Amino acid sequence: MSAAAAPTILAIETSCDDTCAAVVTGDQIRSNVISSQGIHDRYGGVVPEVASRHHLELANVVVDDALARAGATLDDVDLVAVTQGPGLVGALLVGVATAKAIAAARGLPLASVDHLQGHVAANFLTTGDGPEDKPLEPPFLCLIASGGHTFLANVTEHDGFTVLGRTLDDAAGEAFDKGARMLGLPYPGGPHLEKLARDGDPSAFTFPTGRGVSGLDFSFAGLKTALLYKIRDLGGGSDPSALDDATRANLAAAYQHAIVESLARRCEQALAQSGTDRLAVGGGVAANGPLRDRLATLGVTLKVPPRALCTDNAAMIASAARFVPPHPFPEYLAMDAYATGERGL
Ligand code: KG4
Ligand code: ZN
């Protein structure tokens, strides 16, 4: 690698149920491979032990595929990057062991990346030729809403962020998944609930939007309970199929509206407090159409990366790795994964 050339990074991400590898040079994504383990759908959620076993089977294949799609070999790689945490420890360990083995075999440095910093760093990549596809430079606010995390970050540097608010209970994606389950929809529930809600009226029912929560934090547990009681009061009991289709669609629309409002109002509040007029969104929930539409009404510059960069992926880990000091060989051989990060997220 010449001094001026951007390093080529091979990144691995296995924090939950997606086995991911990517090759990134500078802010250019050369490949971004995501192998989703559809096996968890039948259990209604991710089973950690099953996730780890599948990562073991998939890790080498996914890495080979990422290199092949990038038209690269390990000879072209300058740095290996891996998600160290937070996440499912057994799942993370597979990625960490794979990354260590590849890096050590080549005597390459290894960058350990925080998964949440990765979600933020998805915004530092070029995603196309349009002006909206250029990297977003700090400062900006960033809402991350996934199945495992929901927080609002103040991003002032490339290598860190401060948490302005976080969920006090469930993540927004978890609220979508649990609500969907109560309405008899399959896992992961977000996209199914969004689809059902298209035929419904969001004002047919009123659900709590976390207004009672102080500051910029979020809460979705009360919303979930409210839906449970509403289904019961409507005669659905524990069997949502006892409700007619129109009622289920109205419930889905009103429930989604409450989640979208909770997220959007906090963003609006945070933007007003920080004086920033730029907002980025990440995590699987960023795929939600009504959320995107609502955030677009805030009158600020809104950046929503392509879906493959919003959900868990390794290109975002490579992007974050560009800004963390790498561990030289063989220092990283003793490196461990962590379930919960310093921020308590
Ligand atoms: O980021 P992600 O792929 O995985 C992690 O949780 O880390 O996010 C998955 C979450 C699930 O809870 C899923 O239901 C939600 O994102 N999700 C959606 C939509 N697509 C995915 N929620 C609402 N509307 C969607 N269209
Ligand atoms: Zn994630």
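On a predicted model such as this, the values are computed, not experimentally measured, just so you know. For ligands, and for the atoms within them, numbers begin at 1 and follow the listed sequence.
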Are any of the N or O atoms of [X] closer than 3.5 Å to those of ligand 1?
{"X": "Asp312", "answer": "yes"}
{"X": "Asp177", "answer": "yes"}
{"X": "His115", "answer": "no"}
{"X": "Cys310", "answer": "no"}
{"X": "Asn288", "answer": "yes"}
{"X": "Gly173", "answer": "yes"}
{"X": "Gly190", "answer": "yes"}
{"X": "Gly284", "answer": "yes"}

Problem - Nearest non-hydrogen protein atom, atom 6 (O) of ligand 1 - result: Gly147 N, 2.7 Å
Fill in the blank from the handout: The closest protein heavy-atom partner of atom 26 (N) of ligand 1 is Glu194 OE1, 2.7 Å
For [X] and [Y], indicate whether the former's side chain and the latter's backbone hold a donor-acceptor pair under 3.5 Å.
{"X": "Asn288", "Y": "Val285", "result": "no"}
{"X": "Lys100", "Y": "Met335", "result": "yes"}
{"X": "Ser31", "Y": "Ala66", "result": "yes"}
{"X": "Asn123", "Y": "Leu136", "result": "no"}

Practice task
Could you tell me whether the side chain of Glu268 reaches within less than 4.5 Å of the side chain of Gln273, counting heavy atoms only?
Solution key: no
Problem - Residue pair Leu295 / Cys267, side-chain heavy-atom distance below 4.5 Å - result: yes
For ligand 1, which atoms, with element, lie under 4.0 Å from some heavy atom of [X]?
{"X": "Phe176", "result": "22 (N), 23 (C)"}
{"X": "Gly148", "result": "6 (O)"}
{"X": "Thr311", "result": "1 (O), 3 (O)"}

Exercise for the section: Would you name the N/O/S atom of His115 that lies closest to the Zn ion (ligand 2)? Expected result: NE2
Exercise for the section: Specify which N/O/S atom of Asp312 comes nearest to the Zn ion (ligand 2), by atom name. Expected result: OD1
Problem - Hydrophobic cluster (4.5 angstrom, side-chain heavy atoms) - remaining members for Leu92 - result: none
Exercise for the section: Look at Arg53 together with Glu57 and state whether they make a salt bridge at an N to O cut-off of under 4.0 Å. Expected result: no
Handout entry: Within-shell test, Pro191 vs ligand 1, heavy atom, strictly < 4.0 Å
Key = yes
Exercise for the section: Could you go through the ring pair (Phe, Tyr, Trp, His ring centres under 6.0 Å) check for Phe218 and Phe151 one step at a time? Expected result: CA-CA 8 Å; Phe218 306 89; Phe151 64 95; 9.3 Å; no
Exercise for the section: Examine His149 and say whether one of its N/O/S atoms is closer to the Zn ion (ligand 2) than 2.8 Å. Expected result: no
Fill in the blank from the handout: Nearest heavy-atom approach of Thr98 to Ala59 is OG1-CB, 3.8 Å
